[in-house]
Amino acid sequence: MREKEATANDGRVQERETTSATADNYQRCDWAISRNEIHMTDTCLGVGAWGAVVLGRFRGCKVAVKQIHELIISPHNRRLFEREMSIASRCRHPCLLQFIGATNDEGSPLFVTELMESSLRALLEQQPLSCTDISVIALDVAQALNYLHKSEPPIIHRDISSANVLLWRQGDHWRGKVSDYGTANFIQQSMTVGPGAVNYSSPEASTGHQTIKVK
């Protein structure tokens, strides 16, 4: 009888410890939001190698929701996605895409950000930009990168391209915000070969002979 009571008590203690550990883990991820709060629509905003971005709603607001393709979900890619969320959650700047939150359960990860009007690539395919717009957008991108580089430790985006510069209207002019931290990395002694889009990479990025960090 006593053995059964001891076994039952051990089971309850283990259950409480497991529940507590799960709750603690959820609390540590201050970026985690419930999947039930994200309402996705059928409107696709874009598709990339990582996944699709669709129009959604979160707590009454229109948002952009990125979902990883089911076929590429793996422990390694899930860790990369969690790294992206970790980086995005610590970045606060008007020229960086505002990160709202992400799911942290067993399902396909959902990454929620503010909704922008267009991307630089999409706009350039429709119309040329004025000299003023080019200058303003370039300054916005430079300010975003300056913020990332001055973080501690510095954050290197490594995939700046026209597709990753999102736009919004301020009066008669376009303003830019840098998005997509999927290939961002904390600065280290050496860099991986071939990050981001080839068209926007420096020549040395495709080789193993890259300049190391200057102390």
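Remember, predicted model here, so these are calculated numbers, not experimental data.
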Checking [X] side chain against [Y] main chain: does a donor-acceptor pair fall under 3.5 Å?
X      : Y      : result
Asp140 : Arg175 : no
Arg121 : Ser118 : no
Ser86  : Glu82  : no
Gln143 : Cys95  : no
Gln98  : Glu114 : no
Thr103 : Arg35  : no
Ser179 : Leu97  : no

Derivation and outcome, side-chain contact (heavy atoms from CB on, under 4.5 Å), residues Ile156 and His149: CA-CA 6 Å; Ile156 312 301; His149 295 171; 3.9 Å; yes
Contact between [X] and [Y] at the side-chain level, heavy atoms closer than 4.5 Å - yes or no?
X      : Y      : answer
Leu96  : Leu148 : yes
Leu110 : Lys66  : no
Ile155 : Arg90  : yes

Look at the side-chain heavy atoms of Ile, Leu, Val, Met, Phe, Trp and Tyr, link any pair under 4.5 Å apart, and say whether [X] and [Y] land in one connected group.
X      : Y      : result
Leu139 : Val141 : no
Val53  : Leu120 : no
Leu166 : Val136 : no
Leu45  : Met40  : no
Leu115 : Trp168 : no

[X] [atom1] to [Y] [atom2] distance, which is reported to the nearest 0.5 Å:
X      : Y      : atom1 : atom2 : answer
Phe111 : Asp180 : CZ    : CG    : 8.0 Å
His39  : Phe58  : NE2   : CZ    : 9.5 Å
Tyr147 : Cys91  : OH    : SG    : 5.0 Å
Leu129 : Leu123 : CG    : CG    : 5.0 Å
Ile38  : Arg57  : CD1   : CZ    : 13.5 Å
Ser162 : Glu125 : OG    : CD    : 8.0 Å

State, to 0.1 Å, how close [X] and [Y] come at their nearest heavy-atom pair, and which atoms those are.
X      : Y      : answer
Thr41  : Leu55  : OG1-O, 2.7 Å
Ala144 : Val178 : CB-CG2, 3.6 Å
Gly176 : Leu167 : CA-CD2, 3.9 Å
Gly107 : Asp105 : N-OD1, 3.0 Å
Asn104 : Ala32  : CB-CB, 3.9 Å
Gly101 : Ile33  : C-CD1, 3.8 Å

Pair His157-Asn164, side-chain contact (heavy atoms from CB on, under 4.5 Å): steps then yes or no: CA-CA 10 Å; His157 189 288; Asn164 289 336; 4.3 Å; yes
More than 12 heavy atoms of other groups within 6.0 Å of Glu106 CD: no
